[in-house]
Undergrad: 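Sharing a structure below in structure tokens format, with a few things to ask.
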Amino acid sequence: MAIQCDICIIGGGPAGSVLASRLAAWGWNVIVVERAAFPRRHLGESLSPGVLPLLETIGAADAIESAGFTRVRRVSVDWDVATERDDPAGRGLLVDRGRFDRLLLDHARGRGARVLQPARAGRRRWTGSAWEVEVTLGTRPMTLQATFLADASGRGGITGSRRPTGARTVALHGYWEGKGLPSHPKIEAGPNRWHWGVPLPDGSYNTLVFLDPADLKTMSGTLGEKFHTLLAGSGLIPRGAEAFLSGPVRACDATPYLDEACVSDAFIRVGDAALALDPLSSSGVQKAIQSALSGSVVVNTLLRRPESAELARQYFLHSLSEASARHQEWAGAYYGLVACRRADPFWQKRATGVASGPLSPEMGEGIAGLTPETRLRLSPDVRIRQVPCVGDSFIEARPAVCSTALGTPVAYLGGVELVPLICGVRDGMTVRELVTNWSRDMAPARGMESLRWMVSRGLLIAGAARQAAEKGGGS
Ligand SMILES: Cc1cc2nc3c(=O)[nH]c(=O)nc-3n(C[C@H](O)[C@H](O)[C@H](O)COP(=O)(O)OP(=O)(O)OC[C@H]3O[C@@H](n4cnc5c(N)ncnc54)[C@H](O)[C@@H]3O)c2cc1C
């Protein structure tokens with residue numbers, strides 16, 4: 001039995017569903033092949049504040065907001081210092097990924113995508129003019145013929161040519177139920193590992209331990225025993241809690257990676273199939289959705305404007321590489337906060353920069369030497385020019401920031417246009433003033449991350465005030 005479609009998407013997680021919603025809404029005949037029956041448990045339950053705004057772009061935010069998932073208003077962080085991070089607006093979400101993923105897949109169905117589920121995609125073959133994908137729907141084998149193939153099969157799906165972009169890491173996790181469990185998430189640094197507790201909307205509590213696979217190997221006992229030993233050294237389960245593990249302890253790879261073979265004229269990888277971030281940022285789902293949104297524009301361009309195919313491919317690879325590099329830098333600095341006081345190889349291996357500590361609870365952490373009062377100026381090397389970028393439905397020319405140090409021009413920084421941010425810089429502005437000005441377009445933590453990136457790339461230079469004073473001028 002053969003089924004025809006324009007675009008076959010393997011995987012119905014957030015990336016696959018968002019890609020399907022977009023492409024089906026643009027009139028493409030889309031089929032999503034998802035091997036699991038939903039709802040099912042899946043890691044990635046703590047969603048960063050950027051997820052809902054991204055879902056608004058495909059009209060799915062209302063369905064998620066009205067599902068009653070838990071808003072994150074407080075996170076306990078015991079990293080370089082012990083602190084409570086409050087967000088009264090509750091912009092982050094704690095979700096049951098079974099329900100969350102089902103809502104997004106239903107949204108794709110509502111946009112006209114067909115879904116085969118539970119159906120496993122097996123061998124794939126390019127005939128020279130189309131893809132043939134072997135699919136097993138339940139127990140029934142069938143062949144899918146598609147003009148375009150998208151891999152959205154996630155970390156545990158089809159492996160391509162993944163290059164690790166950080167230290168090898170394994171995550172052990174288990175779900176708890178019972179009384180006295182924490183009501184808000186907790187992140188803490190341990191001796192040669194870090195711990196994460198995530199309370200879920202159904203009352204269960206996911207506990208995760210991230211460590212070096214080599215360290216796990218040296219421990220004796222079963223996986224469950226190792227997990228209990230590691231957890232006993234954490235503060236995730238409060239004393240006096242009457243709780244029990246409601247399922248098996250599982251281990252999974254949590255190493256960040258990038259697959260540079262992520263796009264060709266008839267193939268794309270989106271979400272974790274292309275780029276996986278260090279879970280420390282808890283922004284994997286946000287990044288997966290972002291790559292699906294930009295990936296949809298790339299696919300549309302490849303199919304409808306083949307004359308722009310080269311631009312579209314270049315754009316996609318560049319945007320993923322840039323996101324990976326930026327994230328690596330952020331993660332390195334964040335591990336660096338602990339590496340300052342812990343000599344264990346776990347921390348030293350992961351730290352690439354020593355951060356100076358939190359600027360303010362909303363602003364996140366700074367990089368060496370930067371304080372909220374540091375004055376900044378724009379590098380004289382910065383220029384603006386037109387480059388190919390993602391538009392509403394095609395890759396188009398847009399203004400981008402260029403500089404010698406930057407190498408490739410950059411138009412967007414994590415989905416936000418860079419040129420308006422750069423144009424907002426006035427000589428002598430402080431870090432605090434700039435991040436506050438940008439807060440109209442992005443959250444302060446994100447603004448701080450962008451600012452750090454601009455300083456590290458030499459677009460912004462610290463020390464404008466002193467220079468201005470030396471010249472006898474004000475700011
Ligand atoms: C330990 C750990 C903790 C994490 N915690 C967080 C967190 O708190 N917050 C966060 O934002 N991110 C987190 N992440 C990252 C997050 O899980 C992923 O970034 C996100 O799920 C990626 O979405 P996706 O759609 O690309 O892939 P997935 O969500 O993995 O979806 C892929 C889908 O493809 C299907 N599939 C796979 N192979 C096939 C096949 N052959 N045929 C058919 N279907 C197939 C799977 O069943 C699955 O439903 C974490 C990651 C790890 C490793």
Side-chain angles (χ1 to χ4, degrees), residues 13-23 25-26 44-73 75 85-95 97 99-101 103-108 110-111 152 185 201 270-272 275 277 281-298 319-320 322-323 326-327 330 362-364 389-393 398 410-421 424 435-451 453:
S17 293
V18 167
L19 183 69
S21 288
R22 262 282 184 94
L23 291 170
W26 288 340
E45 295 143 327
S46 173
L47 304 189
S48 45
V51 168
L52 279 176
L54 285 178
L55 291 179
E56 256 165 41
T57 62
I58 58 159
D62 284 350
I64 300 299
E65 279 188 289
S66 53
F69 294 126
T70 314
R71 294 274 177 178
V72 184
R73 300 191 196 278
V75 180
R85 288 206 185 142
D86 289 326
D87 178 11
R91 292 162 308 140
L93 289 180
L94 299 174
V95 301
R97 278 288 301 272
R99 280 176 61 217
F100 179 81
D101 288 14
L103 285 167
L104 288 187
L105 197 52
D106 282 349
H107 186 267
R111 290 287 186 269
V270 292
D272 268 19
L275 166 69
L277 305 180
S281 68
S282 94
S283 57
V285 170
Q286 180 177 331
K287 185 45 71 189
I289 293 173
Q290 243 165 22
S291 76
L293 289 173
S294 62
S296 64
V297 179
V298 170
S319 67
L320 290 190
E322 187 57 39
R326 229 157 48 83
H327 185 79
W330 172 86
E362 325 84 60
M363 280 186 176
C389 287
V390 69
D392 283 345
S393 51
R398 285 280 167 87
V410 179
Y412 291 89
L413 203 54
V416 175
E417 274 199 276
L418 183 55
V419 171
L421 300 184
V435 172
T436 305
N437 280 5
W438 288 345
S439 65
R440 280 186 299 261
D441 302 312
M442 60 180 140
R446 178 90 175 281
M448 198 51 224
E449 201 190 319
S450 304
L451 188 144
W453 179 86

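Each residue takes its place number in the sequence, starting with 1.
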Undergrad: Would you say the side chain of Arg22 lies within less than 4.5 Å of the side chain of Val297, judging by non-hydrogen atoms?
TA: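 Result yes, sub-4.5 Å side-chain heavy-atom pair found.
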Undergrad: On a heavy-atom basis, which atom in Leu104 and which in Ala60 lie closest, and how many Å separate them?
TA: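 Here Leu104 and Ala60 meet closest at CD2-CB, 4.1 Å.
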Undergrad: To the nearest 0.5 Å, what is the distance between CD1 on Ile64 and CG on Leu103?
TA: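 So the CD1 of Ile64 and the CG of Leu103 are separated by 4.5 Å.
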Undergrad: Quick check: does any side chain N or O of Arg73 sit under 3.5 Å from a backbone N or O of Asp87, one acting as donor and the other as acceptor?
TA: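 No, Arg73 side chain to Asp87 backbone: no donor-acceptor pair under 3.5 Å.
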Undergrad: To the nearest 0.5 Å, how far apart are OG1 in Thr57 and CD1 in Ile289?
TA: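 It is 8.5 Å, given to the nearest 0.5 Å.
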Undergrad: Hey, does Phe69 have a side-chain heavy atom less than 4.5 Å from the side chain of Leu47?
TA: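 No, side chains not in contact.
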Undergrad: What pair of heavy atoms forms the shortest contact from Arg91 to Ala443, and how long is it?
TA: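 Of all heavy-atom pairs spanning Arg91 and Ala443, the closest is NH1-CB, 3.2 Å.
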Undergrad: Using the side-chain hydrogen bond (donor to acceptor under 3.5 Å, both in side chains) rule, pick out the option among Arg398, Glu322, Gln290 that qualifies with Tyr412.
TA: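 The side-chain hydrogen bond (donor to acceptor under 3.5 Å, both in side chains) with Tyr412 is passed solely by Arg398 among Arg398, Glu322, Gln290.
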Undergrad: Do Leu451 and Leu421 touch side chain to side chain, with heavy atoms closer than 4.5 Å?
TA: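 They are not in contact (no side-chain heavy atoms under 4.5 Å apart), so the answer is no.
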Undergrad: Which heavy atom of Gly271 sits nearest a heavy atom of Ser291, and at what distance?
TA: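 So the two residues come closest at N-OG, 2.7 Å.
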Undergrad: Quick check: do Pro14 and Gln286 have side-chain heavy atoms less than 4.5 Å from each other?
TA: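 Side-chain contact under 4.5 Å: no.
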Undergrad: Has His107 got a side-chain atom pairing as donor or acceptor with Gly59's backbone, closer than 3.5 angstrom?
TA: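 It does hold such a pair.
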Undergrad: Of the non-hydrogen atoms in Ala292 and Ala15, which two are nearest, and what is the gap between them?
TA: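 Looking at all heavy atoms of both residues, the closest pair is CB-O, 3.3 Å.
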Undergrad: Is there a side-chain contact between Arg446 and Val416 in this structure, where contact means two heavy atoms from C-beta onward sitting under 4.5 Å apart?
TA: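 Yes, close enough: below the 4.5 Å cut-off.
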Undergrad: Would you say that Pro185 contacts Leu94 through its side chain, given a criterion of any heavy-atom pair below 4.5 Å between the two side chains?
TA: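 With C-beta onward as the side chain, the pair touches.
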Undergrad: Once rounded to the nearest 0.5 Å, what's the spacing between atom CD of Glu449 and atom CG of Leu413?
TA: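 So the gap between those two atoms works out to 8.0 Å.
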Undergrad: Where do Trp26 and Ser296 come nearest, in terms of heavy atoms and distance?
TA: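 Taking every non-hydrogen atom into account, CZ3-O, 3.4 Å.
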Undergrad: As an exercise, state the distance from OG of Ser48 to NZ of Lys287, rounded to the nearest 0.5 Å.
TA: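 Here the interatomic distance stands at 10.0 Å.
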Undergrad: State the CG-CZ distance between Leu277 and Arg326, to the nearest 0.5 angstrom.
TA: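 CZ of Arg326 is found 10.0 Å from CG of Leu277.
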Undergrad: Atom CD of Glu65 and atom CZ of Arg71: how far apart are they, to the nearest 0.5 Å?
TA: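 Reported to 0.5 Å precision, the distance equals 5.0 Å.
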Undergrad: Could you walk me through whether Asp101 and Ser17 pass the side chain to side chain contact (heavy atoms under 4.5 Å, CB included) check?
TA: CA-CA 8 Å; Asp101 288 14; Ser17 293; over 6 Å; no
Undergrad: For Leu275 and Ala323, work out which heavy atoms get closest and say how close.
TA: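 Smallest heavy-atom distance, with atoms named: CD2-CB, 4.1 Å.
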Undergrad: Compare all side-chain heavy atoms of Ile58 with those of Arg111 and state whether any distance is below 4.5 angstrom.
TA: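 Side-chain contact under 4.5 Å: no.
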